[in-house]
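To start, the structure under review is shown below, and the notes come after it.
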Amino acid sequence: MKDVDLKSPSIAPTLPTLEREMFEPRALKNGLLTGLTWFAAIVASVPLFSVIFMLIMEGGSRLDWEALTELPPTAFETGGGFGNAILGTLVMVGIASLISVPIGLLAAVYMSILGPTSKLSITARFLSKTLTGFPSILAGVFTYSVLVITFGYSALAGGIALSVLMLPTVVLAAEEAMRQVPQRMKDAAFGMGCTRTQVIMKVVLPTGLPGIITGVLLAVAGAAGESAPLLFTALFSNYYLSEVMEPTASLSILIYNFSAMPFDNQIQLAWAASLTLVLIVLVINILARLIGQPKV
């Protein structure tokens with residue numbers, strides 16, 4: 001029997017080439033779609049960067065420590081700032097977070113673990129998705145009819161109106177984060193004798209915490225820039241907030257008021273307040289991205 005020469009061209013197997021050919025149909029299609037994607041991304045980012053550039057040019061020169069700490073000026077007064085608006089925004093967003101985050105987490109625990117297929121969960125999930133497109137001004141009208149007519153304009157009413165807008169985002173984000181926890185981890189905890197409460201507290205919540213925090217921060221960023229609900233609930237004030245049951249200023253309402261005034265000082269402060277609000281929202285969104293980034 002003769003030995004077979006495996007090195008012979010007629011017998012040696014043909015190995016596929018791994019080199020990329022520029023004019024191959026798939027390579028051309030991939031390059032074309034990649035270029036279109038980059039083009040669309042650049043076009044979409046032009047308005048964003050143009051707004052940021054305009055805010056920096058118009059409000060950057062007026063943004064200083066005085067503007068961040070002092071009270072709004074009167075009609076013909078120079079100087080001043082919007083420190084009370086920053087404080088009012090932080091207080092109302094804090095109140096909204098204290099209301100929406102615990103309720104949202106409890107709802108998400110029930111919807112994702114305790115009764116994911118129950119009628120209550122299905123209804124709550126549908127209402128949460130519906131409320132994500134809820135007009136923000138209607139949240140202000142609702143709070144006005146329930147609280148403001150009886151107790152008057154206040155920071156508390158503004159925080160409650162913002163919590164109505166934050167709640168669906170927190171619920172849906174927390175539910176999705178808890179659903180991403182592998183079932184094997186839950187089964188292993190049950191197999192070790194853990195109760196359902198221990199599984200939720202020791203396994204589900206810690207594992208899904210990055211996604212939950214991301215959802216909360218995105219809800220906070222959205223609430224910080226709302227203005228329509230605050231017109232019906234918190235109104236405005238030229239002084240620092242001393243208690244939650246009195247009207248308070250906010251950055252969005254200050255921008256709305258000052259931008260319509262015929263005085264250069266107030267208009268400059270409106271630009272500076274707009275830049276401050278954008279920076280606050282930008283920082284919150286960056287934190288949400290960093291926290292929600294998958295750990296390797």
Side-chain angles (χ1 to χ4, degrees), residues 9 12-60 104 108 111-112 116-117 121-122 124-136 165-186 204 206-227 252 274-296:
T14 303
L15 298 177
T17 178
L18 298 179
E19 295 181 1
R20 179 176 179 178
E21 297 182 6
M22 182 179 300
F23 297 102
E24 186 183 2
R26 288 182 298 177
L28 288 175
K29 184 178 180 181
N30 179 73
L32 177 62
L33 293 178
T34 302
L36 290 176
T37 302
W38 275 104
F39 176 76
I42 292 172
V43 171
S45 63
V46 167
L48 172 64
F49 287 108
S50 63
V51 169
I52 294 177
F53 177 77
M54 181 176 59
L55 289 176
I56 293 174
M57 295 300 296
E58 296 288 346
M111 292 163 58
S112 62
T117 59
S121 293
I122 295 173
R125 195 175 294 113
F126 172 77
L127 292 177
S128 298
K129 293 179 180 179
T130 303
L131 284 175
T132 55
F134 192 64
S136 60
L165 300 175
M166 288 179 59
L167 186 59
T169 303
V170 175
V171 170
L172 295 176
E175 183 195 9
E176 185 62 28
M178 295 178 191
R179 284 182 176 274
Q180 295 299 321
V181 178
Q183 185 63 37
R184 289 177 297 178
M185 296 179 63
K186 306 174 190 176
V204 177
T207 306
L209 189 60
I212 295 172
I213 295 178
T214 299
V216 171
L217 290 178
L218 291 177
V220 167
E226 289 291 347
S227 58
S252 56
S274 301
L275 179 58
T276 302
L277 183 58
V278 168
L279 291 177
I280 292 174
V281 174
L282 180 63
V283 169
I284 294 174
N285 278 277
I286 291 174
L287 288 176
R289 294 284 296 177
L290 293 176
I291 294 174
Q293 200 171 26
K295 303 297 186 296
V296 180

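The shown structure was predicted, so the numbers you read here are calculated from the model rather than taken from an experiment. Residues: numbered from 1 along the sequence shown.
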Query raised in the report: Should Leu275 and Ile56 be marked as a side chain to side chain contact (heavy atoms under 4.5 Å, CB included) after you check the CA-CA gap, both sets of side-chain angles, and the distance that decides it?
Result: CA-CA 7 Å; Leu275 179 58; Ile56 293 174; 4.1 Å; yes
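In this structure, Met57 places its CE atom where only 12 or fewer heavy-atom neighbours from other residues, nucleotides or ligands lie under 6.0 Å away.
Considering all non-hydrogen atoms of both residues, Ser121 and Pro116 come closest at CB-O, 3.8 Å. Counting all heavy atoms, side chain and backbone alike, Leu277 lies closest to Ala224 at CD1-O, 3.5 Å. Taking every heavy atom of both residues into account, Val170 and Gly104 meet most closely at CG1-CA, 4.1 Å. Across every non-hydrogen atom of Ala173 and Gly215, the tightest pair is CB-CA, 3.5 Å. Across all their heavy atoms, Ile284 and Val220 have their closest contact at CD1-CG1, 3.9 Å. The two residues Arg125 and Leu172 make their nearest non-hydrogen contact at O-CD2, 4.5 Å.
Note: Phe134 CZ to Leu127 CG = 11.5 Å, rounded to the nearest 0.5 Å. Note that CG of Leu32 is 4.5 Å distant from CG of Leu36, once rounded to the nearest 0.5 Å. Rounding to the nearest 0.5 Å gives a distance of 9.5 Å between CD1 of Ile286 and CG of Leu279. Rounded to the nearest 0.5 angstrom, Lys186 NZ and Gln183 CD are separated by 5.0 Å. Interatomic distance, CG of Leu165 versus OG1 of Thr132, reported as 11.0 Å (0.5 Å rounding).
The side-chain heavy atoms of Glu58 and Ser274, taken from C-beta on, include no pair separated by under 4.5 Å. Residues Leu167 and Leu131 have side chains not in contact (no heavy-atom distance under 4.5 Å, counting atoms from C-beta outward). No side-chain heavy atom of Asn285 sits less than 4.5 Å from a side-chain heavy atom of Leu217. For the pair Met178/Ile212, a side-chain contact is recorded, criterion being any heavy-atom separation below 4.5 Å from C-beta on.
Checking side-chain atoms of Ser112 against main-chain N and O of Glu175 turns up no donor-acceptor pair under 3.5 Å. Remark: the backbone N or O of Ala288 is paired with a side-chain donor or acceptor of Thr214 at under 3.5 angstrom. With Ser128 contributing its side chain and Ala124 its backbone, the two residues share a donor-acceptor pair below 3.5 Å.
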